[in-house]
Amino acid sequence: MTEAHIAVGEADFDPAAQLSRLEALGGGAVASFTGIVRGGDGLQAMRLDHYPAMTQAQIARIVAEAQARWPLLGVVVIHRVGDLTPGERIVFVGTASSHRAAALESCAFLIDWLKTSAPFWKKERFADGRAEWVEARAEDDAARERWG
Amino acid sequence: MTEAHIAVGEADFDPAAQLSRLEALGGGAVASFTGIVRGGDGLQAMRLDHYPAMTQAQIARIVAEAQARWPLLGVVVIHRVGDLTPGERIVFVGTASSHRAAALESCAFLIDWLKTSAPFWKKERFADGRAEWVEARAEDDAARERWG
Amino acid sequence: MVALDILYFAWVREGVGKDGETIDHPGAEMTVAELIGQLAERGGGYAQAFAETGRLRAALDQNFVSLDTKLGEARELALFPPVTGG
Amino acid sequence: MVALDILYFAWVREGVGKDGETIDHPGAEMTVAELIGQLAERGGGYAQAFAETGRLRAALDQNFVSLDTKLGEARELALFPPVTGG
């Protein structure tokens, strides 16, 4: 039985609380990935659009796939939407297992999947007034391909 | 320039504080692994022996290798020694980068290395009075081999 | 008459100028690409948003599909650019 | 006379019954394995701790080395089981 926590919303989250929850499951191995809005290039803000009815169902499906592939005790996936500024957290993936490799690999699998296959779209707004939708990157698709 | 924090000692640590430090570096990608003493099989306590003069130098060397292999903004390696009970944290590896894959891979690289090549030895004490040194596992060596 | 809800996201939404709309279902045999062609013929923002089908992705009833997929019995079609989450 | 510090860890330390000791350096040409053989000949805890060289690992001046490595100019030899950290 794997504990799974999935959240998609505008609210910020506390990675520490998520890690504590995963550590308490007794597996011995906890891996995490946190994505944060990067500044630079004059980026002032970012807006995350998503497809709500699809997002939740798709994340639940990929979490179930991770649970089938690796012996996991707990999975946490949090993805924010709405307006974000540099330094703010966007995404968190945390996994707990009795096996180090299972925790690490499933964490990488889930974040690669979120980057390439979850229905989120980023729009960046710059100091000079430009506002552009982020283009999908081939290297992200390559990262996903390795999971078959 | 990479920020590196290495600590080997008896004191517990706070993964949340380490994650905050890594998140603040502005890279956008933070990965972490936390190892916790597993209970079960009647395990009551564990003692971690190490070779102090060698441990610090070897960890510094492997952190430098990770910095050379991946574009990292920050690395944290913490390894506890002494007496530990189930549920207590043993080890923490955290990495920050501008690249998701760099953060995830370097984190896996460092924990695989700590498991196979850092001079630490675990002795487990059980409820029935047995006390046994943990045997090295072939799968750990295999995990390290993949980093070449 | 059966209806089909169409949803637009990201720059597709901005081009079309609305979040979505409901149309009469054009029939199970029509492909997503064919329907995109019909939408583009409306001109204006539609023509602009649907000019390059290579930049478009689609989901039918909340599952990703290729553009040559037939609409079938689907009740919800979403059109959007490649995703850029995480 | 040049000295060589020998350090023992984990069950090697428990077998030998001490953390370490200092001996007269046996010469640059002697290998780690040959020195282990000499220690084993002392009998008792030494014989037990050094019975199976396949289970032993070594470091010279804080660098891992194979057992067929010559002592050379090293000043510190550590003998221990395969590591089990993390």
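Residue numbering restarts at 1 for every chain, and letters A, B, ... go by the order of the sequence lines.
Counting all heavy atoms, side chain and backbone alike, Thr116(A) lies closest to Val83(C) at O-CG2, 3.1 Å. The two atoms that bring Met54(A) and Ala59(C) nearest to each other are SD-CB, 3.8 Å, heavy atoms only. In this structure, Phe9(C) and His50(A) approach most closely via the heavy-atom pair CE2-O, 3.1 Å.
Formation of a donor-acceptor pair under 3.5 Å by the Gln62(C) side chain with backbone atoms of Gln58(A) is not found in this model.
Contact annotation for Arg55(C): only side-chain heavy atoms (C-beta onward) come within less than 4.5 Å of a heavy atom of chain A. Both the backbone and the side chain of Lys122(A) come within less than 4.5 Å of a heavy atom in chain C. At a 4.5 Å heavy-atom cutoff, the contact between Glu135(A) and chain C is made by backbone and side-chain atoms alike. Of the two parts of Ala53(A), the backbone and the side chain both hold a non-hydrogen atom closer than 4.5 Å to a non-hydrogen atom of chain C. Using a 4.5 Å cut-off between heavy atoms, Arg47(A) makes no contact with chain C at all.
Rounded to the nearest 0.5 Å, atoms CG (Leu7(C)) and OH (Tyr51(A)) are 5.0 Å apart. We find the CD-CH2 distance between Glu14(C) and Trp133(A) to be 5.0 Å, quoted to the nearest 0.5 Å.
Scanning for side chain to side chain contact (heavy atoms under 4.5 Å, CB included) contacts around Ala47(C) gives an empty result, with sequence neighbours left out.
A tilted orientation is assigned to the rings of Trp121(A) and Phe80(C), their planes being inclined by 30° to 60°.
Interface with chain C: from residues 88-95 of chain A, residues Ile90(A), Val91(A) qualify, criterion being any non-hydrogen pair under 4.5 Å.
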